[in-house]
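We number each residue from 1, following the sequence as shown. Remember, predicted model here, so these are calculated numbers, not experimental data.
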Amino acid sequence: TDKYSTISKRIRTAAVNAAKQGVTKDVFIIDLGTRRLPDKLRHQLGRYNVNSGRGRIRALYVMHDDGAAFEEIRLSE
């Protein structure tokens with residue numbers, strides 16, 4: 001889905017569970033399939049580290065428009 005709440009929950013769960021196992025998981029690629037990346041979601045994803053107490057990440061990429069577009073999300077600190 002292209003909802004921020006779903007995406008952020010999956011990122012946080014993966015990052016936190018990896019940390020519990022002594023592994024760093026801090027680079028993610030989100031595939032929105034045929035959906036486009038709305039500006040609102042781009043902005044929300046960019047604020048992921050600000051909004052996330054645990055499970056901070058280093059880089060986030062989004063593939064959208066059925067693979068025609070691939071972009072890095074600038075993460076705010």
Side-chain angles (χ1 to χ4, degrees):
T1 181
D2 59 354
K3 290 177 62 176
Y4 175 75
S5 60
T6 303
I7 294 169
S8 64
K9 182 178 177 182
R10 290 188 180 180
I11 292 171
R12 188 171 12 273
T13 300
V16 169
N17 287 341
K20 287 178 184 176
Q21 297 176 18
V23 178
T24 301
K25 190 179 268 193
D26 61 359
V27 176
F28 288 85
I29 299 173
I30 306 300
D31 184 356
L32 296 179
T34 58
R35 296 177 185 92
R36 65 176 184 79
L37 177 60
D39 288 335
K40 179 180 177 180
L41 180 58
R42 182 182 288 110
H43 175 73
Q44 289 172 319
L45 291 171
R47 295 195 42 82
Y48 173 81
N49 280 340
V50 173
N51 297 330
S52 173
R54 295 172 45 195
R56 294 174 59 86
I57 60 176
R58 185 170 46 97
L60 177 63
Y61 301 88
V62 177
M63 185 168 49
H64 55 101
D65 291 327
D66 206 20
F70 185 82
E71 63 183 90
E72 182 175 8
I73 302 297
R74 289 182 166 195
L75 295 169
S76 301
E77 292 299 321

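With values rounded to the nearest 0.5 angstrom, Arg56 atom CZ is found 13.0 Å from Ile11 atom CD1. A distance of 6.0 Å separates CD1 of Ile57 from OH of Tyr48, quoted to the nearest 0.5 Å. In this structure, the separation between CD1 on Ile73 and CZ on Arg47 is 14.0 Å, given to the nearest 0.5 Å.
The side-chain heavy atoms of Ile7 and Leu41, taken from C-beta on, include a pair separated by under 4.5 Å. Side-chain contact between Asn51 and Tyr4 is present, with heavy atoms from C-beta onward closer than 4.5 Å.
Scored by the side-chain contact (heavy atoms from CB on, under 4.5 Å) test, Phe70 finds Ile29, Tyr61, Met63 as partners (sequence neighbours excluded). Considering only residues two or more places apart in sequence or on other chains, Arg36 meets the side-chain hydrogen bond (donor to acceptor under 3.5 Å, both in side chains) condition with none of them.
The shortest non-hydrogen separation linking Ala15 to Gly55 is CB-CA, 3.8 Å.
Within the structure, side-chain hydrogen bond (donor to acceptor under 3.5 Å, both in side chains) contacts touching residues 13-33 (residues at least two apart or in different chains) are Asp26-Arg58.
The closest donor-acceptor contact from the side chain of Ser52 to the backbone of Asn49 lies at 3.5 Å or more, if one exists at all.
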